[in-house]
Amino acid sequence: MAQCVQSVQELIQDSFVPKVAVLCSEDAQKITRKNNLNFSELLRPFCRLTSEGHMRDSNNQVQVVKNLRISVNNVVTRPSVPTSGVHSPAQRRLLSEVVSASQPAEGGVANVITAGDYDLNISATTPWFEAYRESFLQSMPASDHEFLNHYLACLLVVSSSEAVPVEQFLKLSQEQHMIQHNGEYTNPKWFIPNTLKYYVLLHDMSQGDEQRADSVYEDMKQRYGSQGCYLLKINSRTAAAGTDEQIPDPWSQYLNKSSLQSQAFLVDLAGDFNAGKVKSGLPNFHQHLETAIDMPGSLDCLRAVATETKTTTVYTGVAAGTSHGACLTLNDHNRLRLFIQEFTFRGLLPHIEKNIRQLNDQLVSRKGLSRSLFSVTKKLFGGGKVPEKSIAELKNTSGLLYHPEAPELQIRKMADLCFLVQHYELAYSCYHTAKKDFLSDQAMLYAAGALEMAAVSAFLQGGAQRPYPAHYMDTAIQTYRDVCKNKVLAERCALFSAEVLKSQAKYSDAATLLIKMTSEDSDLCSALLLEQAAHCFINMRNPMVRKFAFHMILAGHRFSKAGQKRHALRCYCQAMQVYKGKGWSLAEDHINFTIGRQSFTLRQPENAVLAFRHILTNDSQQTATQQGAFLREYLYVYRNVPGVCEVALPQLPLPCINSSATRVYFGHERRLAEGEKQAATHVSLDQEFDQDLAAVWQDLEEQVVAAANRGVVPSTFYPTQCCLNSQTDNLHFPLAVVEEPIIVEVAFRNPLKVPLVLSDLSLLWKFTLKDFSRPQPQDVMVGDAVTITNEKEAIAPRVRKGKGGIPSVCKFLTFSLLSWQARLKLLPRQTGQLTILGLVYNLASTPSTGDSTINSNSPSVRGRQDLEIQGPRLNQTKEEKTSVSHGPDRRLDPTITPPMPLLEVLTHHCPLPLTQK
Amino acid sequence: MAVCIAVIAKENYPLYIRSVPIQNELKFHYTVHTSLDVVEEKISAVGKAMADQRELYLGLLYPTEDYKVYGCVTNSKVKFVIVADSSNTSLRDNEIRSMFRKLHNSFTDVMCNPFYNPGDTIQSKAFDSMVSAMMVQAS
């Protein structure tokens, strides 16, 4: 697994926190609305306690509660997702959006891991996975088999401006009682029958009468005791007064996150709403909905919500656009913080303490008397024991279900309470006992829950007193998944287990666990887990690079199935590092092909083109049909790259050009023999180069020059060569004459098993005008293919025009695995310096049907390939011998000289001995 | 018997790889490549001092849903990997061993060929036919 920002301990502690419900009167809501927040949102940034709390356990030992966080939520009475063990579509959508919103930072932290001969560039953190995990854990529905996310307490909030606040308190209290005990609502779930009620008098400093509030508060103290009520004063700042003051906005980080969530749900809910069955486990939207309903004229509000949902932008406006807490001063922030602290230490913790004590007493008395009795009766009546009160109990696959108040659950309740207040030792022993009980009752869901929490609390105890029972977790996961068919709980359990294993450097176990959790149901989840497994492999003591790569590919595949294109591309790219250039060509081609496709769909055509190039340039071992498919895809991508043809022609990878085999011929091509006439030359493009013959001719030429210069060969002399190839001396700029053609022969090779269609082949060149005699500005521009002119201007804009090439416009089919040559003629019209840069041509593939007729409709791409000829390796001096350096090769850079006399010699009936010496 | 046979060079690039169902070649390539991690782990598990006495045959590298992957490393760190169908329960450890021995012998013959350039992919008819013989027995 990748590194996480949170430590395991923090993660687990933050996942299970005491939950507190909020019931608000209308007036109180109006007060908090001024800040664009409702009451629970108002408190959210202050829910983590900075100071330590203390409480006594059943043995009167003082227990320290550190870094506690509480979770404050509005009461939502709508049934949440039935705990069927799968996510609802809305939840899936939410999770998928959370993941796609979290992308790796551009050029962000990447660490290089060196494993064997691999240097891998891998991002050490995976924020998308953490984001997924966070919202996954938040969206966990409250289940019957555990109490950790049931409400422990309820805040009743009433405004001081109310006519009779005490009456309002009574009303809210009754409402809470009704919600909990009426049996009408299955949601929310409450921890203990007598929920702690905490009375909060909300006072608006900007408009209310402070003295009246104080007197009401005194009255409340009398009534509810000073531990059970609080006077909270907020809104000290009038909107007009304090605009110049800069107040930090602690809400933004909490609410921006949730705005995404609410947005994700809005459409979905709006659809469901008319049908009257709003299904969602997310409290956030309900907060909005709730407030809308609570307002007077709620029907209008609802309609407003409905219209808002259609545009889906309004809520983000509410949540993120406007600033929060506009009416709050820093002093108010402190008051809120103090309120939470006071509530937790004076209200919540003592309440928990009291309940633990009560449960403990119950259990002790039961243990003493009935435990033995029970076990005896159980033995006697052979499992005939039915849990009390559970008449409606169902005997489903996961074993029996208890009634929420069943005595069997009391010990679990106590364990959960202990766990919430970080008393892990007691929690562990309770979970352990509970586990045994549940197992003997065959209540598998409950047993799995107890196992899971026992393992977690054993881990959180820390120290060496108890080793982490990994097999508890494994059993729990297995039970959740196979017996209870509850994928969500199994996944939660696996996430914790993997994280714990990771913290103990048991990467191999973690990886096995994560891989086991992947399934066909959720592509997104599987992808994330596979990616984490891959990270596990790379983090091992002996990094398993290839396993990492393979699982990255699997993850990438699942990401792309889940529609997370960006993540898929990233996975493939990371895996590519391992496969690249190691000779595993099939795998490499596959990855490149996928990268190409993904990049193309993500509108990164440059990367797509690059990836496809790789497939085609590699010495491909694919079958012909596969190669044909690659080629077609490549051409398709190319044609859809916007603007590429206008700016500069793309470099094409196919066919291969053997640039050193390029031959250049200067002058008119002559037929060597015509009837009886025999041309007095040995050079032609149709002939192979003959070293000995060339030496003879060179010798002859030298003698002629010496004779002309009275026996001295001038030092500037070098032999004329009218056909240049790889074996001739190409150190000098060759001479070409104006109005005499230059013929370039290029050697191609098609490495593929499918035919290629090339058309409109022509040379690409650069020309600098130079006058060797008097300047004769005859600007003769030979009509050239328009593309070349454009192209020329694009490549070398400062070069003056003035030469014309003769494009050999042709179209030909090249068969697979074949080499062939093409001759291109260039006719210079002015003197100067010419450089032949490369070739431009149209590349197309044949239709897949395999008929070899040239189809003019087949898609083609115009592109170029440069001719870069490497000179011979230098091997003269010592430095040249020790290093690898190459000399220049000027074959393609002819100097165009003014017209020269051209002498053609033909011999008739040439006597054989003369030519053969 | 075997569905895929691979010879991997010391530097972990494939010298030879062949599999029975041609259309699923990519999968086997991935399988063999991933198995190299296990091979490396097994080699490094044996101490440096013991490296000389190390047995060439590594045994079952790892089982997948459908296949079993066996490995063997020569003294020159050339790896042989055989992927066998896991439904074939008749396949004994001894038979796998003898397959590896045959493979090794044949590979040695290839190496002895003076026209073979060490490090090139193996393109030997004798080797090919030996490999096909080992794979054909399956059907």
Side-chain angles (χ1 to χ4, degrees), chain A residues 115-118 120 507-508 511-512 515-516 518 520 530 533-534 536-557 572 575-594 615 618-626 630, chain B residues 3-48 58 61-67 69 71 73 77-79 81 83 117-123 128:
Chain A
D117 40 355
Y118 295 96
L120 303 176
Y507 288 109
S508 150
T512 322
I515 292 166
K516 229 194 274 173
T518 59
E520 287 301 310
L530 281 169
C536 283
F537 285 122
I538 202 78
N539 282 328
M540 282 180 177
R541 207 157 45 84
N542 296 319
M544 292 191 154
V545 190
R546 298 170 199 96
K547 281 203 162 185
F548 161 78
F550 183 62
H551 286 95
M552 269 302 190
I553 289 171
L554 292 180
H557 176 66
Y572 276 108
M576 189 61 199
Q577 298 175 38
V578 175
Y579 286 95
K580 200 172 194 167
K582 299 278 176 191
W584 295 89
S585 62
L586 271 185
E588 203 178 331
D589 286 354
H590 168 240
I591 299 170
N592 262 323
F593 184 66
T594 322
I615 313 178
N618 265 352
D619 249 340
S620 175
Q621 309 205 333
Q622 306 280 359
T623 54
T625 47
Q626 193 69 37
F630 283 163
Chain B
V3 285
C4 175
I5 291 178
V7 181
I8 317 290
K10 182 170 178 264
E11 292 83 12
N12 289 332
Y13 61 88
L15 290 175
Y16 183 92
I17 183 159
R18 213 166 115 199
S19 52
V20 166
I22 271 305
Q23 68 275 21
N24 224 344
E25 232 180 320
L26 178 66
K27 185 169 95 185
F28 287 116
H29 281 224
Y30 274 131
T31 310
V32 171
H33 183 260
T34 309
S35 73
L36 295 180
D37 268 335
V38 189
V39 172
E40 234 160 54
E41 192 185 40
K42 291 213 177 194
I43 297 175
S44 62
V46 181
K48 272 269 181 326
L58 295 176
L61 297 179
Y62 66 91
T64 67
E65 286 93 346
D66 309 324
Y67 303 106
V69 186
V73 183
K77 296 269 165 54
V78 173
K79 291 121 191 153
V81 177
V83 184
N117 200 355
D120 284 359
T121 50
I122 297 173
Q123 283 161 330
D128 251 351

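In what follows, chains are A, B, ... by sequence order, proteins preceding strands, each numbered from 1.
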Drop me the distance from B:Asp37's CG to A:Phe537's CZ, to the nearest 0.5 angstrom. 8.5 Å
Do the side chains of A:Lys547 and B:Val38 get nearer than 4.5 Å, heavy atoms only? yes
In this structure, OH of B:Tyr30 is separated from CD1 of A:Ile591 (nearest 0.5 Å) by 4.0 Å
Segment of B:Leu15 engaging chain A (4.5 angstrom heavy-atom cut-off): neither
Is there side-chain contact between B:Asn12 and A:Arg546, with heavy atoms separated by less than 4.5 Å? yes
Could you measure the distance from the CH2 atom of A:Trp584 to the CG atom of B:Leu36? Nearest 0.5 Å is fine. 5.5 Å
CD of A:Glu588 to NE2 of B:His29: how many Å apart, nearest 0.5 Å? 12.5 Å
To the nearest 0.5 Å, what is the distance between CD1 on A:Ile553 and OG1 on B:Thr34? 7.5 Å
Side chain to side chain contact (heavy atoms under 4.5 Å, CB included) evaluation trace for A:Val578 with B:His33: CA-CA 10 Å; A:Val578 175; B:His33 183 260; 3.9 Å; yes
